[in-house]
Amino acid sequence: MKKITMQTIANKLNISKNSVSIALRGKDGVSKETRERVIELANKLDYHYFSRKSKQHDTVIKTFALVSTDFTLELKSFFGVILDELQKIITSKHYKLVIFKISNKEQEKNGLPVELASIKWDGIFVLSFITNDYIKKILSLKIPVILIDYHNSEIESDSILTQNIDGMERGIAYLARRKIKSIGFIGNTNFSPSYYERLIGFYSGIKKYNLQVNENYVITSIPEDHQKDLFNYLASLKKMPDAWVTVNNGYGLAVMSFLHSKGYTIPEDVSILSFDNTDLSRTSHPQMSVIATDLKQMAKEAFSAMNYRLKFPYKSHRQILLLPALIKRESA
């Protein structure tokens with residue numbers, strides 16, 4: 001089979017080789033129609049242009065950027081798992097991943113790092129939440145972007161997400177089968193869209209399985225790091241529900257600590273079911289029952305979504321939802 005080159009594409013489209021090069025590199029100088037025709041034919045012929053090659057092996061090297069906040073990158077047992085797996089996948093392909101850690105100050109200024117804005121990356125991953133304006137700034141680079149564990153209706157981009165509502169419903173169903181009647185919810189739903197979706201799943205599950213809901217047991221405005229406020233609120237309750245569900249393991253561990261301090265036995269007196277499966281859930285006593293997304297699979301789906309977007313840059317944007325698993329341990 002004859003080798004496919006840029007000249008092959010130029011001949012088939014009756015345009016110059018330089019125009020093909022400009023179109024494939026995403027540079028200005030050709031019309032949108034020409035760019036689309038070039039990319040469509042390149043995909044059809046399975047031709048890929050890359051400006052960077054390894055001098056040692058003369059093999060294609062794709063270079064990706066990953067953008068995330070200081071806060072997100074500190075959460076090693078959750079987002080760190082996703083990042084480590086994504087790095088592992090990219091390294092195995094002999095590609096390169098450059099990480100950009102964005103501070104609150106940089107978000108407020110809405111300015112991109114010089115290197116991020118000046119280099120023609122093959123693609124950009126955004127890990128977890130950054131302000132919508134900042135994500136839009138990244139999208140303005142006209143480079144394929146994959147959002148990991150974040151989405152917003154204002155953002156036109158592919159995203160990899162946890163199916164939070166269905167996951168929480170599965171958790172409520174499990175508690176219902178355990179003959180638990182009253183369930184409380186804990187999590188700052190203003191902090192994350194995922195947490196709010198888990199609240200929706202909580203109410204949906206309560207209704208579906210004909211369980212009781214006492215609004216005093218629905219705690220949605222206490223930040224995770226305000227443990228004293230949470231303890232004070234829990235202490236003000238005249239009675240505990242049969243079970244608490246929490247939006248993450250940090251809240252789950254806090255509730256567990258409070259119950260222990262007041263002489264409750266878990267799960268005999270009160271059960272605890274938490275979202276996520278970080279080290280906190282596995283080292284707590286008793287170990288936490290959890291609703292958990294496969295974080296490594298999330299990284300794999302993100303890389304797969306990036307490959308799809310590189311191959312089909314003009315296809316409709318997609319949301320890929322991963323249904324979390326219920327891991328039954330001692331706390332519920």
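- Side-chain contact between Leu211 and Ile180 is absent, with no heavy-atom pair separated by less than 4.5 Å.
- Residues Asn277 and Ile327 come closest through the heavy atom pair ND2-CD1, 3.7 Å.
- Counting all heavy atoms, side chain and backbone alike, Asn216 lies closest to Ile219 at O-CG1, 4.4 Å.
- The CD1 atom of Ile148 sits 6.0 Å away from the CG atom of Leu66 when rounded to the nearest 0.5 Å.
- Judged purely by atom type and a 3.5 angstrom limit, Arg329 uses its side chain to pair as donor or acceptor with the backbone of Met288.
- The shortest side-chain heavy-atom distance between Val145 and Asp158 does not fall under the 4.5 Å cut-off.
- Counting non-hydrogen atoms of other residues, nucleotides and ligands closer than 6.0 Å to CD of Glu33 gives a total of 12 or fewer.
- Here Asn307 contributes atom CG and Ile146 contributes atom CD1; the two are 9.5 Å apart, rounded to the nearest 0.5 Å.
- For residues 168-193, the salt bridge (Lys or Arg N to Asp or Glu O under 4.0 Å) pairs, not counting sequence neighbours, are Glu169-Lys208.
- Contact detail for Pro223 and Tyr251: the closest heavy-atom pair is C-OH, 3.3 Å.
- Linking ILVMFWY side-chain heavy atoms closer than 4.5 Å, directly or via other members, places Tyr308 and Ile39 in two distinct hydrophobic clusters.
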What verdict does the side chain to side chain contact (heavy atoms under 4.5 Å, CB included) test give for Lys207 and Tyr203, after you've listed the backbone C-alpha separation in whole Å, the side-chain angles of each residue and the deciding distance to 0.1 Å? CA-CA 6 Å; Lys207 181 178 180 181; Tyr203 278 119; over 6 Å; no

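- Distance OG/Ser221 to NE2/His226: 11.0 Å, rounded to 0.5 Å.
- Counting non-hydrogen atoms of neighbouring residues, nucleotides and ligands closer than 6.0 angstrom, the OH atom of Tyr196 reaches no more than 12 such neighbours.
- In terms of hydrophobic clustering, with Ile, Leu, Val, Met, Phe, Trp and Tyr side chains grouped at heavy-atom distances under 4.5 Å, Val126 and Leu321 are assigned to different clusters.
- More than 12 heavy-atom neighbours from other residues, nucleotides or ligands sit within 6.0 angstrom of NZ on Lys136.
- Two residues are said to be in side-chain contact when any heavy atoms from C-beta on lie closer than 4.5 Å; Leu141 and Leu112 meet this criterion.
- For the atom pair CD (Glu85) and CD (Gln297), the distance works out to 9.0 Å, reported to the nearest 0.5 Å.
- Between atom CZ of residue Phe125 and atom CD1 of residue Ile99 there is a gap of 11.5 Å, rounded to the nearest 0.5 Å.
- Seen from the ring of Tyr95, Lys93 does not count as a face-on cation partner, given the 6.0 Å and 45° thresholds.
- For Ser304 (side chain) and Glu301 (main-chain N/O), no donor-acceptor pair under 3.5 Å exists by modelled atom type.
- A donor-acceptor pair is defined here as one N or O able to donate and one able to accept, closer than 3.5 Å; no such pair exists between the side chain of Arg35 and the backbone of Val38.
- Note: Phe185 and Phe202 have tilted aromatic rings, judged against thresholds of 30 and 60 degrees for the angle between ring planes.
- Residues Leu147 and Ile155 form a side-chain contact, since some pair of their non-hydrogen atoms from C-beta on lies under 4.5 Å apart.
- For Gln7, the CD atom counts as densely surrounded, since its 6.0 Å shell holds more than 12 non-hydrogen atoms of other residues, nucleotides or ligands.
- Residues Ile186 and Val247 are not in side-chain contact: their nearest non-hydrogen atoms beyond the backbone lie 4.5 Å or more apart.
- The residue from Asp84, Asp149, Leu73 that alone fulfils the side chain to side chain contact (heavy atoms under 4.5 Å, CB included) condition with Phe79 is Asp149.
- Distance alone, capped at 3.5 Å, places no donor-acceptor pair between the Ser21 side chain and the Asn18 backbone.
- You'll find the side chain of Ser274 stays beyond 4.5 Å of the side chain of Ile291, heavy atoms only.
- Between the side chains of Asp279 and Thr283, no donor-acceptor pair is found at a separation under 3.5 Å.
- Of the possible donor and acceptor atoms, none in the side chain of His260 sits under 3.5 Å from a partner among the backbone N and O of Thr265.
- Listed for the Gln287 side chain is no donor-acceptor partner under 3.5 Å among the backbone atoms of Ser284.
- For the pair Tyr150/Asn132, a side-chain contact is recorded, criterion being any heavy-atom separation below 4.5 Å from C-beta on.
- Each salt bridge (Lys or Arg N to Asp or Glu O under 4.0 Å) pair with one or both residues in residues 237-250, not counting sequence neighbours, would appear here, but there are none.
- No continuous path of ILVMFWY side-chain contacts below 4.5 Å connects Met298 to Leu323, so the two sit in separate hydrophobic clusters.
- The two atoms that bring Arg309 and Ser316 nearest to each other are NH2-O, 3.0 Å, heavy atoms only.
- Side chain to side chain, Thr34 and Ser31 meet the donor-acceptor criterion of an N or O pair below 3.5 Å.
- Checking Thr278 against Asn249 by side-chain atom types alone, a donor-acceptor pair falls below 3.5 Å.
- In this structure, Arg198 contributes its side chain and Pro193 its backbone to no donor-acceptor pair below 3.5 Å.
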Hey, mind stepping through Tyr209 and Ile172 against side chain to side chain contact (heavy atoms under 4.5 Å, CB included) and telling me if it holds? CA-CA 8 Å; Tyr209 299 103; Ile172 299 298; 4.2 Å; yes

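- At least one donor-acceptor pair under 3.5 Å links the side chain of Ser331 to the backbone N or O of Ile272.
- If you chain together hydrophobic residues whose side chains sit under 4.5 Å apart, Leu237 and Val213 fall into the same group.
- Checked by atom type and distance alone, the side chain of Ser118 pairs as donor or acceptor with a backbone atom of Val114 at under 3.5 Å.
- Ring to ring, Phe258 and Trp244 are not that close: their centroids are 6.0 angstrom or more apart.
- Of all heavy-atom pairs spanning Ser289 and Leu273, the tightest one is O-CD1, 3.4 Å.
- A donor-acceptor contact closer than 3.5 angstrom is absent between the side chains of Glu108 and Asn104.
- Asn248 and Glu224 form a side-chain donor-acceptor contact under 3.5 Å, judged by distance and modelled atom types alone.
- In the displayed structure, Glu36 atom CD is contacted under 6.0 Å by more than 12 heavy atoms of other residues, nucleotides or ligands.
- Expressed to the nearest 0.5 Å, how far CD1 of Ile130 lies from CD1 of Ile138 amounts to 5.0 Å.
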Lys62/Leu310 under side chain to side chain contact (heavy atoms under 4.5 Å, CB included): CA gap, chis, key distance, verdict: CA-CA 11 Å; Lys62 292 183 183 178; Leu310 290 172; 3.9 Å; yes

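- Gln163 is listed as a side-chain neighbour of Pro324, based on a closest heavy-atom distance under 4.5 Å.
- Under the 4.5 Å side-chain heavy-atom criterion for grouping Ile, Leu, Val, Met, Phe, Trp and Tyr, Leu199 is not connected to Leu161 through any hydrophobic cluster.
- Between the side chain of Asn164 and the backbone N or O of Thr162, at least one donor-acceptor pair lies under 3.5 Å.
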Is there a side chain to side chain contact (heavy atoms under 4.5 Å, CB included) between Met240 and Tyr264? Walk through the geometry before answering. CA-CA 10 Å; Met240 287 289 116; Tyr264 289 94; 3.5 Å; yes

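- Nearest approach of Ala305 to Ile160, heavy atoms of both residues: CB-CD1, 3.9 Å.
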